[in-house]
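Being a predicted model, the structure only gives us computed values, none of them experimental.
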Amino acid sequence: MFKKIINYCKACYDELAHKTTWPTRKELTQSAVLVLSASLIIAVVVWLMDVVFKAAMSSIYPN
């Protein structure tokens, strides 16, 4: 059983060290900028929906 665990760990290391292609710094930066931009756009859309919903509810249920 212990030998199976060791073989599994060796196989995992071999795959990570030799068979995995890691992104370049440029690709990583582009992906990060894309995720940040999409997150900001979604946040603005949710904020606008909140403002519109609040205004609609205020007109229906005045203080």
Side-chain angles (χ1 to χ4, degrees):
M1 169 124 177
F2 191 66
K3 191 172 183 177
K4 285 183 179 181
I5 294 172
I6 291 174
N7 286 337
Y8 175 76
C9 290
K10 285 181 182 180
C12 289
Y13 173 78
D14 184 50
E15 185 170 343
L16 281 174
H18 304 292
K19 298 179 184 176
T20 303
T21 57
W22 298 99
T24 63
R25 181 176 292 273
K26 184 179 178 183
E27 291 171 337
L28 193 60
T29 303
Q30 288 174 345
S31 296
V33 168
L34 180 67
V35 168
L36 181 63
S37 301
S39 298
L40 288 174
I41 289 170
I42 291 170
V44 168
V45 168
V46 170
W47 176 75
L48 286 172
M49 289 171 58
D50 183 53
V51 168
V52 169
F53 187 72
K54 182 179 178 182
M57 289 294 110
S58 293
S59 67
I60 294 172
Y61 302 109
N63 286 340

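- In terms of the side chain to side chain contact (heavy atoms under 4.5 Å, CB included) criterion, residue partners of Met49 (sequence neighbours excluded) are, by chain and number, Val45.
- Ile6 pairs in a side chain to side chain contact (heavy atoms under 4.5 Å, CB included) with only one of the listed residues (Lys10, Lys3, Lys4), which is Lys10.
- Within the 4.5 Å cutoff, the side chain of Cys12 has heavy atoms near those of the Tyr8 side chain.
- The cluster map of Ile, Leu, Val, Met, Phe, Trp and Tyr, joined by side-chain heavy atoms under 4.5 Å apart, puts Val44 and Val51 in the same cluster.
- Applying the salt bridge (charged side-chain N to carboxylate O under 4.0 Å, His left out) definition to pairs two or more places apart or across chains, none involves residues 24-35.
- Hydrophobic cluster membership of Trp22, counting Ile, Leu, Val, Met, Phe, Trp and Tyr whose side-chain heavy atoms lie under 4.5 Å apart directly or via other members: Leu16.
- If you take SG on Cys9 and CG on Asp14, they are separated by 12.5 Å, rounding to the nearest 0.5 Å.
- If you chain together hydrophobic residues whose side chains sit under 4.5 Å apart, Tyr61 and Phe53 fall into the same group.
- At a threshold of 4.5 Å between non-hydrogen side-chain atoms, the residues Ile60 and Met57 count as touching.
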